[in-house]
Every structure is written in C-alpha cells, then in structure tokens.
Amino acid sequence: MQRHVAAAVEREDRLPEPIRTVAGIDVSYGARGRATRARGAAVLLDAQTLEVLDQATVECATTFPYIPGLLTFREAPVAITALEALSARPDLIVCDGQGIAHPRRCGVASHLGLALDLPSIGAAKSRLTGFCDEPGLARGSCSPLLDNTEVIGACLRTRTGVAPMWISIGHRVSLASAIRLVLQFAPRFRMPEPTRLADRLSKARA
DNA sequence: GCGACAG
DNA sequence: ATCTTGTCGC
C-alpha cells in the first residue's frame with residue numbers, strides 16, 4: 001500500500017504563489033487509565049509573519065503501535081482530524097517525520113500530503129533511513145541524504161551549532177523549496193514554527 | 001543471527 | 001513518543 005501511495009507522490013513544486021498560510025501537525029500520547037490516548041494538534045500560521053491564525057486539538061484512542069516505517073498508521077488518522085478542525089485549509093503542511101526519506105518512499109508527510117491533497121514537507125528530528133555527510137556547523141548548511149545513488153532528502157542545520165533536521169519532500173514541494181521553506185519557518189529555533197507549536201500544543205494540559 | 005529503527 | 005534530575009551553554 002505504501003509503494004502504491006509513493007507512486008502517486010509528486011516531487012516537483014505545485015503550490016500556490018505566494019504561500020499565504022502553513023499548518024503544522026503533531027501527535028502526543030498519554031496513558032488514560034488502561035488505554036493510551038492520542039492527542040493531535042494542528043496550528044495554522046501566516047507563512048510570511050509566522051503569526052498564529054488558528055489552532056485545534058483532537059483526542060482519541062490509540063489504534064496502532066509505533067513501528068519504524070509504519071508511523072503513518074499510528075499518527076495520520078489523528079493528524080487529519082486535527083487539521084480538518086481548523087477554520088481554513090492551509091496552503092502547505094509541515095509534518096514531524098519523514099516524507100520520501102523512507103524505505104518505501106512513503107513517510108507520514110508524503111502520506112498526509114496525498115491523503116489531504118495538500119503540498120507537504122517532512123521535517124524530522126532524526127533519521128529513519130539513508131546516509132549523508134555531517135553538514136557544516138552554520139545555520140543553512142546542508143548535505144544530501146542518500147539511499148545508494150538516490151537523493152531522498154537533506155540533513156539541514158536550522159540553527160548554528162545545534163543538531164540538524166532531516167528534511168524531505170512530502171508531496172508537491174521540491175527538495176530545494178522544502179529546504180528554503182524550512183529555513184524561512186525556523187528563524188530562531190531548531191524546529192520550524194509550525195511543528196514546534198503543534199508539538200507544544202499537543203503536549204499542553206487540556 | 002544481529003543491528004538499525006521517523007514518533 | 002514518555003519518564004526523570006541535573007547540567008551545560010548562550
């Protein structure tokens with residue numbers, strides 16, 4: 001199924017110009033009695049000023065375990081519900097996880113982009129698959145993430161001297177644009193604002 | 001058989 | 001992802 005979805009993923013830019021809004025999505029977990037509950041959060045921001053325009057959270061039972069390579073089946077259902085609870089559809093989504101930098105080229109960012117028919121970017125805090133050289137220490141330095149000879153993403157330093165982020169095409173956004181946009185969305189912290197705020201919101205006490 | 005392994 | 005205390009650097 002993932003290979004089928006991967007075949008439909010678009011790796012070239014096909015997004016509005018200018019990009020007006022961007023949404024970040026993330027999911028956190030917590031024990032509620034016996035079962036683990038999942039809470040999804042979506043935050044809508046102005047893509048230029050990074051001002052928060054809207055935010056939403058949803059909560060539900062966890063239905064799938066964490067298995068490397070199958071994160072989509074654990075998080076996507078909650079993430080989609082949270083995104084649809086926003087007052088408007090964004091021009092672009094940023095996800096906490098890989099896009100095509102995945103064994104079958106179908107990480108959660110790609111799967112979500114295709115399912116929602118929205119441009120998407122994968123911005124992960126660690127590597128799932130592939131290899132690359134260590135990027136330079138300066139903000140903006142990056143090195144290609146390779147699986148054999150195929151470029152599947154980039155290791156990008158969003159903050160000088162701080163651990164890099166792992167960026168990949170989600171859907172309808174080229175790798176070059178994904179890198180540029182993540183730098184635009186992360187002017188101050190390691191994580192881009194959309195996912196940083198969604199992460200914080202998903203963990204905030206109800 | 002062993003190690004790696006988004007969140 | 002979650003839990004948990006101190007520690008290091010800007």
Side-chain angles (χ1 to χ4, degrees), chain A residues 1-3 5-6 9 24-43 57-83 93-115 120-132 137-139 145-148 151-171 175 178 182 186-192 194-206:
Chain A
M1 193 268 246
Q2 292 187 317
R3 279 189 275 267
V5 168
V9 164
I25 22 194
D26 196 21
V27 182
S28 69
Y29 303 86
R32 283 282 198 289
R34 296 293 292 133
T36 296
R37 300 280 297 177
R39 182 199 277 154
V43 179
T57 62
V58 296
E59 208 169 302
C60 63
T62 296
T63 59
F64 202 87
Y66 171 68
I67 299 170
L70 303 183
L71 180 65
T72 290
F73 304 108
R74 179 171 172 82
E75 301 205 337
V78 202
I80 289 172
T81 308
L83 195 90
I93 59 181
V94 180
C95 305
D96 200 327
Q98 318 290 345
I100 66 170
H102 176 281
R104 291 167 294 282
R105 306 294 181 263
C106 188
V108 63
S110 294
H111 213 126
L112 279 173
L114 200 72
S120 66
I121 292 171
K125 297 181 294 300
S126 63
R127 184 191 66 90
L128 172 61
T129 194
F131 298 91
C132 71
L137 286 181
R139 167 180 151 87
L145 177 63
L146 304 170
D147 185 352
N148 294 305
V151 176
I152 57 173
C155 184
L156 173 69
R157 194 83 64 181
T158 52
R159 221 194 139 170
T160 299
V162 170
M165 296 288 298
W166 303 80
I167 310 307
S168 55
I169 291 173
H171 181 49
L175 182 57
V182 166
R188 176 162 178 211
F189 300 107
R190 179 200 183 205
M191 290 180 69
T195 46
R196 191 182 74 84
L197 295 176
D199 176 80
R200 198 176 63 167
L201 178 62
S202 75
K203 288 169 176 143
R205 56 158 284 179

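So that the names make sense, note that chain A is the first sequence line, chain B the second, and so on, each numbered from 1. Please read all numbers here as calculations on a predicted model, not as lab measurements.
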Q | Covered region of DNA chain B, 5' end to 3' end, by chain A [heavy atoms, under 4.0 Å] | A | dA4(B) to dG7(B)

**Q.** Sequence-distant partners of Phe64(A), ring pair (Phe, Tyr, Trp, His ring centres under 6.0 Å), two or more places apart
**A.** Phe73(A)

Q) By side chain to side chain contact (heavy atoms under 4.5 Å, CB included), which residues pair with Arg139(A), not counting sequence neighbours? A) Thr160(A), Leu183(A)

Q) Under the side chain to side chain contact (heavy atoms under 4.5 Å, CB included) test, which residues partner Ile93(A), sequence neighbours left out? A) Ala23(A), Ile25(A), Leu83(A), Pro90(A), Cys95(A), Leu112(A), Leu116(A), Leu118(A), Ser120(A)

Give the table of side-chain donor-acceptor pairs shorter than 3.5 Å for residues 194-201 of chain A, with sequence neighbours excluded, one pair per line with atom names and distance.
| from | atom 1 | to | atom 2 | distance (Å) |
| --- | --- | --- | --- | --- |
| Thr195(A) | OG1 | Pro192(A) | O | 3.3 |
| Arg196(A) | NE | Glu193(A) | OE2 | 2.8 |
| Arg196(A) | NH2 | Glu193(A) | OE1 | 3.1 |
| Arg196(A) | NH2 | Glu193(A) | OE2 | 3.4 |
| Asp199(A) | OD1 | Lys203(A) | NZ | 2.6 |
| Asp199(A) | OD2 | Lys203(A) | NZ | 3.0 |

(Q) Under the rule for salt bridge (Lys or Arg N to Asp or Glu O under 4.0 Å), what residues qualify as partners of Arg37(A), not counting sequence neighbours? (A) Glu59(A)

(Q) Tyr66(A): which residues meet the side chain to side chain contact (heavy atoms under 4.5 Å, CB included) condition with it, sequence neighbours left out? (A) Pro68(A), Leu71(A), Arg74(A)

Q: Quick one, give me the B/S/- string for nucleotides 4-10 of chain C, reading 5' to 3', where B means a protein heavy atom under 4.0 Å from the base and S means that only happens at the primed atoms, P, OP1 or OP2.
A: -------

**Q.** Strand DNA chain B as a dot-bracket string - pairs counted if Watson-Crick or G-U with both distances under 3.5 Å, | where the partner lies in another strand
**A.** .......

Q: For DNA chain C, list all stems, counting runs of three or more consecutive pairs where every pair is Watson-Crick or G-U wobble with both distances under 3.5 Å.
A: none

Q. How would you list, by chain and number, every residue that makes a salt bridge (Lys or Arg N to Asp or Glu O under 4.0 Å) with Arg157(A), sequence neighbours excluded?
A. Glu134(A)

**Q.** side chain to side chain contact (heavy atoms under 4.5 Å, CB included) involving Ser126(A) - partner list, sequence neighbours excluded
**A.** none

